[in-house]
Amino acid sequence: MPAINLSCDQQFSLDQTLGCGQVFRWDRAENGWWSGVVGSHVIRIRQNGQKLVFEGASVPFITRYFSLDTDLQPIVASFNRDPFIDAAIRRCDGLRIIRQPGWECLISYICSTNSNIPMIRRRIGTIAEQFGREIFFRGKVYHTFPEPSAIACSGVTPLETCKLGYRTPYVLKTACAIGDPEQWEKTIASMPFEPARRELMKLSGVGPKAADCILLFAFQKYESFPVDVWIRRIMQQHYILTLKADAAKTSREYDLIRKFAREYFGEFCGYAQEYLYAARME
DNA sequence: ATCCAGGAAAACG
DNA sequence: CGTTTTCATGGA
């Protein structure tokens, strides 16, 4: 079975990284194992201290997917500038932002709106079961995430079995608009942050929050700072004390929060966001 | 029953 | 233009 030995200064926590809510298609299995579908791979992976053991993908694939090729220490140090985020960093030690396939990430965050993580996971899983290709692995059946054309050609009726609610037409329209996902990903990846953000927001069902998540989790735009209800609460309580606890959520306020975060935490504020989110008290 | 969840679009004034 | 209402789903 292939393995990666992490060097001692290469912090990485598989549990934090897969469990923090950035990605929706991994499941915890027995004895610390995780299993998930990434592209056409079914991957089984487990961490034992500084050793990663896995099957279903190559060493370079795993290294790239989990961002093991980036030096986490200076990134974290760059935004660790107060006791509150320091506590979040220590609580979630080794959390890395992964490199998700863009098209799947796009649909995932369209399905995430006004919802919670278990529901999002169910929706993405059902879309894969309905429209994806079967993969057999260790005696079980898994499903790839479908191409845009597989969804776009299906019409509304099969999509309705996925229980997306009012998001059904958003997913359908966006699937029709994307065309070739590889070409689309290249286009977005080549653009600077703000233009890429505006481009994503042209898609049906993609507003500021979804666009920011997609840019952070699929395109390594670390200056992105997604503001959901949890992050808004944390920012209001710990960083922007002038925000009102029960104020209506407006686009102006969203911009205020993300621009504050970009200045306060710096160019890796998206990483700061993920530590704050993962360490949130429930 | 009412409120909430990794919000966005449409309607409104 | 900024602000309010509506949208579908399931768990607490």
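Letters go in sequence order (proteins before strands), and every chain restarts at 1. When reading the values below, keep in mind they use all heavy atoms of this one structure, side chains included, and skip hydrogens, waters and symmetry mates.
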Exercise. Checking all strands, does A:P208 fall into the base, sugar-phosphate, or nothing category for heavy-atom contacts under 4.0 angstrom?
Worked result: sugar-phosphate

Problem set entry | 5' priority, DNA chain B, between A:A211 and A:N116 [closest heavy atom] | A:N116

Exercise. Below 3.5 Å, does any donor atom in the side chain of A:Y170 face an acceptor in the base of B:dG7, or the other way round?
Worked result: no

Exercise. In terms of hydrophobic clusters joined by side-chain contacts under 4.5 Å, are A:V38 and A:I124 together?
Worked result: no

For this session: Would you mind telling me which of B:dG7, C:dT9, C:dT4 lies closest to the side-chain atoms of A:T113?
Result: B:dG7

For this session: Name the nucleic acid region contacted by A:R233, choosing base, sugar-phosphate or nothing; use a 4.0 angstrom heavy-atom cut-off, strictly under.
Result: sugar-phosphate

Exercise. Given B:dA8, C:dT3, C:dA8, which nucleotide is nearest the side-chain atoms of A:T250?
Worked result: C:dT3

For this session: Tell me what A:V206 touches on the nucleic acid: a base, only sugar-phosphate, or nothing, going by heavy atoms under 4.0 Å.
Result: sugar-phosphate

For this session: Have a look at A:G205 and say if it touches a base, only the backbone sugar-phosphate, or nothing, with a 4.0 Å heavy-atom cut-off.
Result: sugar-phosphate

Exercise. Contact class for A:E160 (heavy atom, under 4.0 Å): base, sugar-phosphate, or nothing?
Worked result: nothing

For this session: Verify the cluster assignment for A:F84 and A:W230: are they in a single hydrophobic cluster under the rule of side-chain heavy atoms below 4.5 Å apart?
Result: yes

Exercise. Within the structure shown, what part of the strands sits under 4.0 Å from A:S251 by heavy-atom distance: base, sugar-phosphate, or nothing?
Worked result: nothing

For this session: Describe the nucleic acid contact of A:F217 in one word from base, sugar-phosphate, nothing, applying a heavy-atom distance below 4.0 Å.
Result: base

Exercise. What interatomic distance, in whole Å, is found between P of C:dT5 and the corresponding atom of B:dC3?
Worked result: 15 Å

Exercise. Are any of the side-chain heavy atoms of A:F265 and A:Y271 separated by less than 4.5 Å?
Worked result: no

For this session: For A:L203 and for A:Y109, find the nucleotide of DNA chain B with the closest heavy atom, then tell me which residue's nucleotide is more 5'.
Result: A:Y109

For this session: Take A:R197 and A:D212, measure what salt bridge (Lys or Arg N to Asp or Glu O under 4.0 Å) needs, and give me the verdict at the end.
Result: CA-CA 7 Å; A:R197 188 174 190 267; A:D212 286 336; 2.7 Å; yes

Problem set entry | B:dA11 versus C:dA8 - spacing of their P atoms, nearest Å | 14 Å

